[in-house]
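Below, chain A is the first sequence line, B the second, and so on; all start at residue 1.
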Number of protein chains: 2
Amino acid sequence: MTMHAEDPRQRRRDAKIAEILEVAWSLALRDGLGAISLRDLAAAVGLRQPSLYVYFDSKNALYDAMFADGYQQLLSYLDERDYEGDPRDALVDFVRDLLLFSSASAVRHQMLFQRTLPGFEPSPEGYEPSLEFSRRATALCERAGIKDSADIDLFSALMNGMAHQQVANDPGGSRWADQAERAVDMLLAVAHKSTSKTSRTTTPTRAHL
Amino acid sequence: MTMHAEDPRQRRRDAKIAEILEVAWSLALRDGLGAISLRDLAAAVGLRQPSLYVYFDSKNALYDAMFADGYQQLLSYLDERDYEGDPRDALVDFVRDLLLFSSASAVRHQMLFQRTLPGFEPSPEGYEPSLEFSRRATALCERAGIKDSADIDLFSALMNGMAHQQVANDPGGSRWADQAERAVDMLLAVAHKSTSKTSRTTTPTRAHL
DNA sequence: GTCTATATTCGGATAGAC
DNA sequence: GTCTATCCGAATATAGAC
């Protein structure tokens, strides 16, 4: 019943879960994100298929863990970097780093930003790290002068599109990442410089970047 | 053995295929593109499941037909419109129309531009209408002054991203479509105006818009 | 062309022994 | 926690009568 993070039982369990997730990503790479089979996954981690249910209540729970894990990877990746300097330069770096992050794993990109799995919807808990990411992104935008909701829409569209093209047409490369600087400067050139907070007509729906 | 398009047998067959495709789209809307079942599809068109094999050799053949059908819809949609006027205005119209086309059907957009189905790869025949679309798009870009390969990469990324955001965050609406004009002017402002055909460093790979 | 019947395979999930 | 054994359902696909 102990819930200490230091509990050796819990530690072993967490390690096993981490191992399963890692193998799940590689399996998704091989077969497609929507085509992972729990049988194959179990075999790849040296277990029989029913034993997976000790760690995940269902297949959707596995997807949920992968979703959260992907965003944790993203946040860790961003934590290693520094976006504190000149706002424009920081945004350029941020954009380039994001594109390289997507480029590194097409399936992870698909899980985090495309969300095309038939029945899967992330749970509130799994969703949380994705919100943290959104906060960081909008903060960097604001600091660089992209505040207007229409401008943010344009920014998010361009980022998403560049990431998708990077993943689809130059996986592992940097063909679109190399254009981060141009893209940011282009956006800054047309951004509304108004200090007022009037956000025109659009509704403030959640725009999942 | 007659292969005339006027053959009443062939006409009935083609009509049935068209009906099946139409129902398949609505089924994809309901269950997800990757979750279509041939049983449900057959039932929805008043057939038993094995009878579908009279019209499609396999499930991938159905996907292939949907892929081609979606691009045919897109080409017909574009044929109804006029992009012959001022190059900049034509490109703006083209972009807005594209976004509204995507907005009208998320699953169709997914099939044409996301390509996230586990085992599916379009056949050369099904692929042909998509090439025709790419030709038209690049022609309009060139006419408006977007010729440099880096500029085309940026254009395709922005289009793809706006379409995705439109579909994901405002399906059926026009939140991003309304920004077509700003987006195009923004791109034209940074496009390389050089008349020379030097395309810098990047490789001329096929960039599926 | 459409049907019934069935083959085949594979999926996720559960029961219960150890 | 892991296993064996099994359930149950669903999927695509095929055989052969009508």
Side-chain angles (χ1 to χ4, degrees), chain A residues 1-4 7-24 27-28 30-67 116-123, chain B residues 1-4 7-24 27-28 30-67 116-123:
Chain A
M1 280 270 192
T2 40
M3 302 181 85
H4 288 241
D7 179 0
R9 257 224 261 290
Q10 190 64 29
R11 281 209 52 208
R12 281 181 56 98
R13 182 182 167 85
D14 289 346
K16 192 73 179 177
I17 288 180
E19 181 197 353
I20 295 172
L21 285 177
E22 191 183 330
V23 173
L27 242 171
R30 198 192 61 185
D31 299 335
L33 197 53
I36 295 180
S37 111
L38 296 184
R39 279 180 153 75
D40 289 355
L41 177 56
V45 294
L47 290 177
R48 304 298 173 124
Q49 178 254 349
S51 302
L52 278 183
Y53 283 79
V54 173
Y55 303 100
F56 300 100
D57 290 338
S58 68
K59 192 179 185 182
N60 262 349
L62 171 70
Y63 280 139
D64 210 39
M66 292 178 76
F67 181 82
T116 175
L117 288 182
F120 169 65
E121 201 71 24
S123 67
Chain B
M1 280 268 190
T2 40
M3 302 184 86
H4 290 240
D7 180 359
R9 255 223 264 289
Q10 190 64 29
R11 282 209 50 210
R12 283 182 52 99
R13 182 182 168 85
D14 290 345
K16 193 72 179 175
I17 289 180
E19 182 198 353
I20 295 173
L21 284 176
E22 191 182 330
V23 173
L27 241 170
R30 198 192 62 184
D31 301 335
L33 196 53
I36 295 179
S37 111
L38 297 184
R39 276 179 155 75
D40 291 354
L41 178 55
V45 295
L47 290 176
R48 304 298 173 126
Q49 178 254 346
S51 302
L52 278 183
Y53 283 79
V54 173
Y55 303 101
F56 300 99
D57 289 339
S58 68
K59 193 180 186 181
N60 262 350
L62 171 70
Y63 280 138
D64 210 39
M66 292 178 75
F67 182 81
T116 174
L117 287 182
F120 170 65
E121 201 70 25
S123 67

Would you find a donor on one side and an acceptor on the other, under 3.5 Å apart, between the side chain of [X] and the backbone of [Y]?
X	Y	result
B:Y63	B:L33	yes
B:K59	B:I36	yes
B:D64	B:S123	yes

If you draw a 6.0 Å radius around CD in B:E19, do more than 12 non-hydrogen atoms from other residues or ligands fall strictly inside? yes
Is any side-chain heavy atom of A:L47 less than 4.5 Å from a side-chain heavy atom of A:L41? no
Residue pair A:D57 / A:L62, side-chain heavy-atom distance below 4.5 Å: no
Work out how much the helix from C:dG1-D:dC18 to C:dC18-D:dG1 bends between its end axes, five pairs an end, to the nearest 10 degrees. 0°
Consider the side chain of A:P50, meaning its heavy atoms from C-beta on, and name the nucleotide among C:dA15, C:dG11, C:dA5 that approaches it most closely. C:dA15
Report the nucleotide, chosen from D:dG1, D:dA13, D:dA11, that has the shortest atom-to-atom distance to any side-chain atom of A:V54. D:dG1
To the nearest Å, how far apart are [X] [atom1] and [N] [atom2]?
X	N	atom1	atom2	answer
B:N60	D:dA11	CG	P	16 Å
A:K16	D:dT2	NZ	C1'	10 Å
B:K59	D:dT12	NZ	P	5 Å
B:L52	D:dA13	CG	P	11 Å
B:L62	D:dA11	CG	P	14 Å
A:Q49	D:dA5	CD	P	14 Å
A:L38	C:dC10	CG	C1'	12 Å
A:R39	C:dT14	CZ	P	14 Å

So, is [X] close to the [N] phosphate, meaning a side-chain N or O under 4.0 Å from OP1 or OP2?
X	N	value
B:S51	C:dG1	no
A:Y53	D:dG1	no
A:R13	D:dG1	yes

A:Y55 near the nucleic acid: base, sugar-phosphate alone, or nothing, with a heavy-atom cut-off under 4.0 Å? sugar-phosphate
Enter the distance from B:K16:NZ to B:L21:CG here, rounded to the nearest 0.5 Å. 12.0 Å
Residue met sooner reading DNA chain C from 5', once B:R48 and A:I36 are mapped to nucleotides: B:R48
